[in-house]
Amino acid sequence: MNRFFSLMLTLLLLLSCAGCVGQAAAVPAPGDEAVPHPVDAETPQQPELSTDPAAPEQRPEPEEPAEPEELYVRVIDPAGPMVALTFDDGPNGVTSGKILDILEENHALATFFEVGRNVVAYPEPVKRMAEMGCEVASHSNAHRDLSKLKKSALLKDLDTADQAFLDAGVDAPTLVRPPYGAVNSTVKSSTGRAVITWTVDTLDWQSRDAQTVIDYVQGLGDLDGEIILMHSIYESTAEAVKVLVPWLQEQGYQLVTVTELMAYYYGELPQPDHFYGYTYFTTHGRTDTPAALPTPEPEETGEVQPDGAAPEADAAAESLPESVPPEEPAAPVQEPAPPASGEPAPVKAEAPKLPETAAAVPNPAVFCP
Ligand code: NI
């Protein structure tokens with residue numbers, strides 16, 4: 001009997017061990033291929049990347065090739081009609097961006113005469129203007145009547161504005177538009193800057209109505225060579241610009257910066273200590289000999305240029321169209337003689353009246369012209 005029980009016990013042990021082996025077979029040994037657990041099989045798995053390049057089904061999906069960006073090359077025809085849109089009194093945290101959006105959508109440029117202390121408050125639009133190729137110019141630091149300042153205070157104001165531009169990451173402007181268009185002989189010719197006003201005043205600051213501005217500009221007739229004054233701090237102006245920019249282009253006008261207009265239409269670059277106001281624009285017409293725009297100074301690489309010229313040599317002359325003779329000295333601007341009394345008197349003809357409702361202006365310190 002004992003032998004029988006021993007045999008049975010051995011048999012039972014063997015059977016139970018066979019069950020153990022059967023269960024153990026379901027557990028993957030290290031190195032064995034894993035059998036996915038039913039629950040795990042439904043769990044999204046991150047696709048594993050195979051190191052075997054011959055396993056195409058495991059390769060990551062190639063990304064869709066990006067649409068090639070449409071390349072826009074801006075070309076100005078010096079002989080074609082052109083207009084310079086100008087915006088004073090900004091930058092503004094809202095409306096400057098709206099105007100820049102419109103310009104960008106239409107591949108148009110403009111000139112912004114910015115107030116230094118506004119640049120301190122809103123440096124970003126100024127950086128964007130420069131990046132877009134718009135001209136960033138100065139409208140003084142605090143929008144004071146520059147003709148009423150002593151020369152030292154005048155220069156300090158303009159220098160303070162320049163620092164605001166530099167702090168915003170753009171160059172110090174060489175072009176200044178005096179607030180209210182108010183000038184005297186010191187402002188005109190003793191600041192080391194080129195001083196410029198405008199030829200068309202939309203009075204947008206007065207009407208604050210987009211349709212009024214649109215109707216006025218569209219009713220002016222020939223606009224070739226004009227410098228149009230607007231202000232970048234009004235919603236109504238931004239609305240007018242949305243209509244006027246494409247409309248001007250449909251009329252065939254190239255929208256250029258003030259310096260481009262001066263070079264291509266009037267034939268000279270704005271010169272320091274020169275004043276470009278009513279007299280200048282009414283006595284100068286379209287030139288036959290466009291001036292070359294200044295080219296940015298190349299970074300000093302120490303490398304010899306392909307043509308053997310020094311990096312900064314004749315950069316401007318090389319960019320002249322072939323039909324244009326080498327740069328000639330700018331024609332002297334007819335300047336009225338300074339008053340004999342010594343203390344210069346403001347030129348009232350250039351200074352439009354101030355709005356009577358200045359206190360109601362949202363940004364009271366910065367209203368225009
Ligand atoms: Ni102004």
Next item on the list: Kindly say whether T279 contributes a backbone atom to a donor-acceptor pair with the side chain of T282 at under 3.5 angstrom?
Entry: yes
Check: Are D209 and S236 close enough that a side-chain donor and a side-chain acceptor fall under 3.5 Å?
Finding: no
Checklist line | Euclidean distance, T257 OG1 relative to F112 CZ, rounded to 0.5 Å | finding: 11.5 Å
Item checked: Approximate separation, where rounding is to 0.5 Å, of L220 CG and T199 OG1 -> 9.0 Å
Note to self: Tell me if a side-chain donor or acceptor on D145 pairs with a main-chain N or O of P179 at a distance below 3.5 Å.
What the structure shows: no
Note to self: Working note: R208 + E235, criterion salt bridge (charged side-chain N to carboxylate O under 4.0 Å, His left out); need CA distance, chi angles, decisive distance, verdict.
What the structure shows: CA-CA 8 Å; R208 310 280 180 88; E235 283 284 348; over 6 Å; no
Check: Does the Q271 side chain pair with the main chain of L269, one donor and one acceptor, at a distance under 3.5 Å?
Finding: yes
Margin query: Within the supplied structure, the quantity of interest is the number of heavy atoms (other residues, nucleotides, ligands) at a distance under 6.0 Å from D167 CG; does it exceed 12?
Written below: yes
Next item on the list: Please work out which of the three classes, parallel, tilted or perpendicular, describes the rings of H284 and Y280, given edges at 30° and 60°.
Entry: parallel
Check: Do we see a donor-acceptor contact under 3.5 Å between the side chains of D157 and T160?
Finding: no
Checklist line | Sidechain N-carboxylate O distance under 4.0 Å for R286, D224 | finding: yes
Check: Going from CG on L109 to CG on L261, what distance comes out if it is rounded to the nearest 0.5 angstrom?
Finding: 12.5 Å
Margin query: Can you tell me which residue among T111, V176, I227 is in a side chain to side chain contact (heavy atoms under 4.5 Å, CB included) with I196?
Written below: I227
Item checked: Side chains of R177 and S138, donor plus acceptor under 3.5 Å -> no
Next item on the list: Show your reasoning for whether ring pair (Phe, Tyr, Trp, His ring centres under 6.0 Å) applies to F281 and Y266.
Entry: CA-CA 9 Å; F281 292 115; Y266 293 99; 5.4 Å; yes
Next item on the list: Look up atom CD in E226 and atom OH in Y253, then write down how far apart they are to the nearest 0.5 Å.
Entry: 8.5 Å
Next item on the list: Indicate yes or no: does D101 engage K242 in a salt bridge with an N to O separation below 4.0 Å.
Entry: no
Note to self: Using only atom types and a distance under 3.5 Å, with no angle test, would you say the side chain of R144 pairs donor to acceptor with the backbone of A142?
What the structure shows: no
Next item on the list: Tell me yes or no: between the side chains of N118 and E114, is some donor less than 3.5 Å from an acceptor?
Entry: no
Notebook entry, point to check: What is the distance from atom OH of Y278 to atom OG1 of T197, rounded to the nearest 0.5 Å?
Noted result: 11.0 Å
Item checked: Pair R128 + E104, salt bridge at N-O below 4.0 Å -> yes
Notebook entry, point to check: Using 30° and 60° as the class limits, which term best fits the ring planes of H143 and Y180: parallel, tilted or perpendicular?
Noted result: perpendicular
Next item on the list: Working to the nearest 0.5 Å, report the span between CD of E239 and CG of L244.
Entry: 11.5 Å
